[in-house]
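The first residue in the sequence is number 1, and the count goes up from there.
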Amino acid sequence: MGQAGLVICLFITIVLLDLTCTQPAKLKTRKDRRAKEKDGDLKTQIDKLWREVNSLKEMQALQTETKHFHEANEDCIAKGGTLAIPRDAEENNALRDYGKKSLRGSGEFWLGINDMVNEGKFVDVNGVAITYFNWERPPNGGKRKNCALLNQASQGKWVDEVCRSLKKYICEFIIP
């Protein structure tokens, strides 16, 4: 009986050790699963928030009122952006299409492009030289017409205009 008791005691000890070693692993697996679910929920919430931010910025981008070039640019800056600046044909076409869809009845709107500082040297509203141009005809406004606008009637070609003219405008935002 002494040996049988020792074997039973040893058996119970082994079973208890096995249970205590595997139990934390099972608990850890459950905790990991819950953490992954929370991470997934958090990622979903963050993605949803980014979509909402992007949607709000798009709503802010569209300006249905008319303003002078400088007022329009200041309004965009106050909202965290700048006047829209097409940097290539693809962006120009996208901006043209957005303007057609969103600014119905408006034939033209301000771009964030001007030659106020140096006649004939067009820069964006940040002072960076423009490398893409889409003029309807070579700008010839002299010292009077220094601001660019996109003309819907000419399929998105640009026209130089007097900066004090009242026009609609579209803001652009950098979304990380």
A.B. asks: Give every residue pair that meets the salt bridge (charged side-chain N to carboxylate O under 4.0 Å, His left out) criterion with at least one member in residues 146-167, sequence neighbours excluded.
C.D. replies: E108-K167
A.B. asks: Passes side chain to side chain contact (heavy atoms under 4.5 Å, CB included), R96 versus K101? Steps please.
C.D. replies: CA-CA 9 Å; R96 177 199 66 210; K101 178 181 77 172; over 6 Å; no
A.B. asks: How would you list all residue pairs meeting ring-ring contact (aromatic ring centres under 6.0 Å, His included) that involve residues 141-161, not counting sequence neighbours?
C.D. replies: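 ring-ring contact (aromatic ring centres under 6.0 Å, His included) check on residues 141-161 returns Y132-W158, W135-W158.
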A.B. asks: State whether the side chain of S102 and the backbone N or O of G99 hold a donor-acceptor pair below 3.5 Å, judged by distance alone.
C.D. replies: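 No, the answer is negative, given that no donor and acceptor are paired below the 3.5 Å cut-off.
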A.B. asks: Quick one: does N126's side chain have a donor or acceptor within less than 3.5 Å of a partner on V128's backbone?
C.D. replies: no
A.B. asks: Go through it in stages, so that I can follow the logic: the residues are E172 and R87, the test is salt bridge (Lys or Arg N to Asp or Glu O under 4.0 Å), and I'd like the CA-CA distance, side-chain angles, deciding distance and then a yes or no.
C.D. replies: CA-CA 12 Å; E172 73 177 8; R87 291 168 183 83; 3.2 Å; yes
A.B. asks: Distance-only, no hydrogens or angles: does the D115 side chain make a donor-acceptor pair with backbone N or O of G120 under 3.5 Å?
C.D. replies: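 Yes, the answer is positive, given that a donor and an acceptor are paired below the 3.5 Å cut-off.
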A.B. asks: Is there a donor-acceptor contact under 3.5 Å from the side chain of W110 to the main chain of K67?
C.D. replies: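 A pair under 3.5 Å: yes.
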A.B. asks: V117 vs V123, test: side chain to side chain contact (heavy atoms under 4.5 Å, CB included). Steps then yes/no.
C.D. replies: CA-CA 9 Å; V117 174; V123 297; 5.9 Å; no
A.B. asks: Is a side-chain donor-acceptor pair under 3.5 Å present for N73 with Y169?
C.D. replies: no
A.B. asks: Do any N or O atoms from the side chain of N118 and from the backbone of K121 form a donor-acceptor pair under 3.5 angstrom?
C.D. replies: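 Here the side-chain-to-backbone pair does not exist.
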A.B. asks: Quick one: closest heavy-atom pair of N92 and G156, and the distance?
C.D. replies: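 Looking at all heavy atoms of both residues, the closest pair is ND2-O, 3.0 Å.
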